[in-house]
Participant: 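What follows is a structure written as C-alpha cells; I'll ask about it next.
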Amino acid sequence: MTTTTRTPRRPLRRPAAIVAAVATAATLLAASPASAAVEPEPVPGFPAPTSHSQQAYDPTDDFTAKWTRADARQIAAMSDPTAPSRANSLPEEYTMPTVPKDFPDMSNDQVWVWDSWTLTDGKSDQPSFKGWEVVFSLVADRSLGFDDRHTYARLGFFYRKANVAERPANGGWTYGGHVFPDGASGAIFEDQSFSHQTEWSGSTRIFDGNKLRIFYTAVAFYRNEDGSNRKPYDPRIVQSEGRIFADENGVWMSGFRDQHDMLQADGTYYQNGAQNEFFNFRDPFTFEDPAHPGKTYMVFEGNTAAPRGERVCTEDDMGYRPGDPYTETADEVMDRGAHYQLANVGLAVADNAALTEWTFLPPILSANCVNDQTERPQIYMKDGKYYLFTITHRSTYAAGVDGPEGVYGFVGNGIRSDFEPVNRGSGLALGSPSNLNFATGFPYAPDANQNPGQFQAYSHYVMPGGLVQSFIDTIGTSDDFVRGGTLAPTVKVDISGSNVTVDRSYGTNGLGQWADIPSNYAHDIAAAADPRPTR
C-alpha cells in the first residue's frame, strides 16, 4: 500500500564490461557452498557491500541490523546499463518469470483481491482443515476503482479442496465472504468520526481444535472532502479470535466479534502519527522460535521513530567500508532528501497465552536513508538459518538507490541478528521484471519505456518449500496494459545460505499454477463434518 512517491532518477550508465564482471561474480558466488563466508568482490564503479556477521543476539537486546546504502547500491551494480527500452535490466536468477496478461480471476468477478496469506501454525507451516485449503485476502467490491480499494479493504477468505491434482485455471477457489462481522473492526477506535475505516494485512494462526486467531491492521482515516487529513490516520495491530468449520460442501467461520487492540506505534522505537502523518505501522506476522520455547513473537512493518524530515541517518546507515572510494556521507545523502525514507521491521513479544497482550522490542532491521517501506515482513526458517523476508516498491527507495518491486531477504542465525542481505549483499531476492535505466511510472500509468512486468506482481508471501504467492497489479506499458486484482501464478525460489534464486524448473518456465497455495499437512482434527448453522 504505497503512501509515497518520488521523482524518477536519471538512467545509470556504465561500461558493458561491468555487466560481464557482475555475471561472473554472481556465478562464482552461486557455486560456493552455502556455508562458506564469501565476501563478494565490489563491482567496478560501485562500493563494496557492508560486512554482516549473521551473529544472533537475544531477542530483547538493543541491536538493530541495518540494510545500508552500501548494501542497497549492489542492486544497481547488478543492473545492466545497456538494457534497452522494455527489457529487464536485472539478473534473471533474481527475477520473477513474466506473468501473461490473460489471467483468470480467482473470485469470479466478485471482489478485488490483493494481499493474501495462508492458514498457518506456530511454525509457519500451512495445514489444511478437514480436507480444505484456506487462504485469507484483502478484498474490496469490484464496483470500486482498483486504486480506491485500500480505504475500503475488508478481510475475506477463500477455500478449495486439498490434494487435488488438476485445478481449474483460476486455482479452484470459492469465495467465502468477509471474515469479521460488519462494524467489528471499527469499534476499537475511541474517535468514531472517521471518514473511512478499513482492514489491512496480517496473518492467521490455527490452534487446537478449530480455534483461529487473526492478527491484522485495523485502520481509521480522518479525511476532509478534498482528501486531506484533518488528523493523521490511525493504524493499530489487532487480534480477534473465532472458529473455523467445514463440511463436504465448504468452509465457514464464526466469532471475531471481539477485537483486541494490542499495539499502537509508540513514537520511541516506531514512528507515530504525531511524528509523521504518513508513517507506516502494520502487517503483523506471528511465529514461535524454537530457540526460545514458550515464547511467541511478532514482526511487523514500522518506521524509525523521529519527526518527519529530521536528519537522523548516520554513517552506520551508510555502511561503507573504510577507504571505499565510492563512499557517501550521511550529510550528502540527507542533503538529497534521503532522510525521509526510514523503514524498519519491528519486533514484539507476547505477554500472555491468549496472545492479546504484547510488548514492543527494538526493531530487528532498519533501512534509514534507503527505503520507506518494509511491508509484510515474515520470518522463515531453513537449515538452521533465519530468513527475514519483506516486500517493497521501487517508488519508496530513497534518492540515490534503486531496486524493483518485489521480495527482499536477509539471513542470520536468529530472529535478532546482524542480518546479511541475500544475493551479493543486495537484499534483492525476487523482483518483478524491471529496467532501472528508465523511469518508474505508476501502476495506473506505466512508463512507455519500462518493462511491461514492472508492476506485474506485488505483496509476495514466501511459503513452505520456497513457494511464493503474490497478487497481480498491472501488466503492460502505457500503450497497452491491464489491471489485476487477483492472485498471480505461484513461483518457487531455492534458498541456500545467502543465495535465493528463481527455480525455472518449477511449473512452466518457472510459473506454477494460478493462485496455487497448497497446504503441506492436515490439521489434527476429526474429519467429521460440522453441522451448518441455522437461521
Side-chain angles (χ1 to χ4, degrees), residues 96-111 113-121 123-137 139 156-177 204 206 210 212 244-253 380 382 407 430 456-457 459-472 475 484-495 501-530:
M96 183 177 177
T98 300
V99 177
K101 285 184 179 180
D102 55 341
F103 50 83
D105 170 34
M106 69 180 292
S107 79
N108 293 314
D109 294 324
Q110 294 182 79
V111 289
V113 178
W114 62 108
D115 297 9
S116 299
W117 60 93
T118 63
L119 188 66
T120 61
D121 62 15
K123 298 178 181 179
S124 301
D125 280 323
Q126 296 176 185
S128 60
F129 181 81
K130 295 192 175 185
W132 296 92
E133 292 168 343
V134 183
V135 62
F136 297 82
S137 301
V139 299
F157 73 99
F158 293 82
Y159 56 88
R160 70 178 187 181
K161 278 290 187 183
N163 302 315
V164 173
E166 295 186 13
R167 305 276 190 187
N170 68 355
W173 296 98
T174 296
Y175 178 51
T204 302
I206 191 166
N210 68 341
L212 297 186
I244 183 171
F245 305 91
D247 62 13
E248 64 277 7
N249 296 315
V251 173
W252 66 97
M253 298 180 192
Y380 185 99
K382 182 177 186 291
V407 185
L430 179 67
Q456 69 174 15
S459 197
H460 304 72
Y461 180 80
V462 183
M463 302 182 288
L467 299 181
V468 185
Q469 185 58 66
S470 57
F471 81 91
I472 298 172
I475 302 176
T486 188
L487 294 190
T490 298
V491 298
K492 183 176 183 292
V493 292
D494 295 323
I495 303 170
T501 55
V502 176
D503 184 349
R504 300 272 169 178
S505 69
Y506 177 77
T508 303
N509 298 321
L511 286 182
Q513 298 180 51
W514 298 95
D516 189 26
I517 303 177
S519 58
N520 64 339
Y521 78 99
H523 182 58
D524 185 15
I525 191 170
D530 294 310

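Heavy-atom basis, side chains included; hydrogens, waters and symmetry copies ignored.
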Participant: Tell me every residue that passes side chain to side chain contact (heavy atoms under 4.5 Å, CB included) with Ala529, counting only those two or more places apart in sequence or in another chain.
Facilitator: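 Residues passing side chain to side chain contact (heavy atoms under 4.5 Å, CB included) with Ala529: Asp247, Glu248.
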
Participant: Quick test of your reading of the model: are Asp516 and Lys492 salt-bridged, counting only N-O distances below 4.0 Å?
Facilitator: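 Between Lys492 and Asp516 there is no salt bridge, as every charged N stays at least 4.0 Å from the carboxylate O atoms.
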
Participant: Run Ser128 and Lys161 through side-chain contact (heavy atoms from CB on, under 4.5 Å) and show every step you take.
Facilitator: CA-CA 9 Å; Ser128 60; Lys161 278 290 187 183; over 6 Å; no

Participant: Looking only at atom types and distance, does a side-chain atom of Asp530 sit under 3.5 Å from a main-chain N or O of Phe245, one as donor and one as acceptor?
Facilitator: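 Answer holds: no.
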
Participant: Could you pull out the closest heavy-atom pair between Tyr175 and Val139, with the gap in Å?
Facilitator: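 Heavy atoms only, the tightest pair is OH-CG2, 3.6 Å.
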
Participant: Using the side-chain contact (heavy atoms from CB on, under 4.5 Å) rule, pick out the option among Met253, Gln126, Arg160 that qualifies with Val134.
Facilitator: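 Per the side-chain contact (heavy atoms from CB on, under 4.5 Å) rule, the option paired with Val134 is Met253, out of Met253, Gln126, Arg160.
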
Participant: So, does Tyr380 use its side chain to make a donor-acceptor pair with the main chain of Gly466 at under 3.5 Å?
Facilitator: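 Side chain of Tyr380 to backbone of Gly466, a donor-acceptor pair under 3.5 Å: yes, one is there.
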
Participant: Evaluate the criterion side-chain contact (heavy atoms from CB on, under 4.5 Å) for residue pair Asp503 and Val493; output intermediate values, then yes/no.
Facilitator: CA-CA 5 Å; Asp503 184 349; Val493 292; over 6 Å; no

Participant: Quick test of your reading of the model: are Glu133 and Arg167 salt-bridged, counting only N-O distances below 4.0 Å?
Facilitator: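 Counted as a salt bridge, because a side-chain N and a carboxylate O are separated by less than 4.0 Å.
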
Participant: Would a 4.5 Å heavy-atom cut-off, applied to side chains only, mark Met463 and Ser124 as touching?
Facilitator: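 No, too far: nothing below the 4.5 Å cut-off.
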
Participant: Where the side chain of Ser116 meets the backbone of Trp114, is there a donor-acceptor pair that is under 3.5 Å apart?
Facilitator: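 Pair found, side chain donor or acceptor close to backbone of Trp114.
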
Participant: Which residues satisfy the side chain to side chain contact (heavy atoms under 4.5 Å, CB included) test with Pro97, sequence neighbours excluded?
Facilitator: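 Once residues adjacent in sequence are excluded, the partners of Pro97 under the side chain to side chain contact (heavy atoms under 4.5 Å, CB included) criterion are Val491, Val502, Arg504, Leu511.
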
Participant: What pair of heavy atoms forms the shortest contact from Tyr506 to Thr490, and how long is it?
Facilitator: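 Closest approach of Tyr506 to Thr490: CE2-O, 3.5 Å.
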
Participant: Of all the heavy-atom pairs spanning Lys130 and Ala526, show the shortest one and how long it is.
Facilitator: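 What the structure gives for the nearest pair is CE-O, 3.1 Å.
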
Participant: Taking the side chain as every heavy atom from C-beta outward, state whether Asp115 and Phe471 have any pair of such atoms under 4.5 Å apart.
Facilitator: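 SC-SC contact between Asp115 and Phe471 confirmed.
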
Participant: What are the two closest non-hydrogen atoms of Val135 and Ile517, and how far apart are they?
Facilitator: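 Between these two residues, the closest heavy atoms are CG2-CD1, 3.6 Å.
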
Participant: Could you go step by step and tell me if Asn108 and Asn170 meet the side-chain contact (heavy atoms from CB on, under 4.5 Å) rule?
Facilitator: CA-CA 8 Å; Asn108 293 314; Asn170 68 355; 3.5 Å; yes

Participant: Considering non-hydrogen atoms only, spot the tightest contact between Ile244 and Phe129 and give its length.
Facilitator: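 For Ile244 and Phe129, the tightest heavy-atom pair comes out as O-CZ, 3.4 Å.
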
Participant: Please name the pair of heavy atoms, one in Pro127 and one in Asn520, separated by the smallest distance, quoted to 0.1 Å.
Facilitator: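 Answer, listing the atom of Pro127 first, then Asn520: N-OD1, 4.4 Å.
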
Participant: Is there a donor-acceptor pair under 3.5 Å between the side chain of Ser107 and the backbone N or O of Gln110?
Facilitator: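 Yes, because the side chain of Ser107 sits within donor-acceptor range (under 3.5 Å) of the backbone of Gln110.
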
Participant: Does the side chain of Leu487 come within less than 4.5 Å of Ser470's, by heavy atoms?
Facilitator: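 They are not in contact (no side-chain heavy atoms under 4.5 Å apart), so the answer is no.
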
Participant: Is it the case that more than 12 heavy atoms not belonging to Lys123 sit under 6.0 Å from its NZ atom?
Facilitator: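 Incorrect, the count does not exceed 12.
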
Participant: Between Leu212 and Phe136, is the side-chain contact (heavy atoms from CB on, under 4.5 Å) condition met? List the steps.
Facilitator: CA-CA 12 Å; Leu212 297 186; Phe136 297 82; 4.1 Å; yes

Participant: Using 0.5 Å steps for rounding, measure from the OG atom of Ser519 to the CG atom of Asn163.
Facilitator: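 Going from OG on Ser519 over to CG on Asn163, the span is 5.5 Å.
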
Participant: How far apart are the C-alpha atoms of Asp121 and Tyr521, what are their side-chain angles, what is the distance that settles it, and do they pass the side chain to side chain donor-acceptor pair (under 3.5 Å) test?
Facilitator: CA-CA 11 Å; Asp121 62 15; Tyr521 78 99; 2.7 Å; yes

Participant: With side chains defined as the heavy atoms from C-beta onward, is the minimum distance between Thr120 and Asp125 less than 4.5 Å?
Facilitator: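 No. Closest side-chain heavy atoms not under 4.5 Å.
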
Participant: Is there a donor in the side chain of Trp117 and an acceptor in the side chain of Thr204, or the other way round, less than 3.5 Å apart?
Facilitator: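 Short answer, yes.
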
Participant: Do Trp132 and Tyr159 have ring centroids that are under 6.0 Å from one another?
Facilitator: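 Yes; Trp132 has its ring centre under 6.0 Å from that of Tyr159.
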
Participant: Short question: side chain of Gln456, backbone of Thr98 - any donor-acceptor pair under 3.5 Å?
Facilitator: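 Side chain of Gln456 to backbone of Thr98, a donor-acceptor pair under 3.5 Å: no, none is there.
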
Participant: Answer yes or no: does atom CG of Asn509 have more than 12 heavy-atom neighbours from other residues, nucleotides or ligands under 6.0 Å?
Facilitator: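 Atom CG in Asn509 is not crowded, with 12 or fewer foreign heavy atoms closer than 6.0 Å.
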
Participant: Hey, does the side chain of Thr486 reach the backbone of Met106 with a donor-acceptor pair shorter than 3.5 angstrom?
Facilitator: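 Side chain of Thr486 to backbone of Met106, a donor-acceptor pair under 3.5 Å: yes, one is there.
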
Participant: What distance separates His460 NE2 from Leu467 CG, expressed to the nearest 0.5 Å?
Facilitator: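 Reported to 0.5 Å precision, the distance equals 13.5 Å.
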
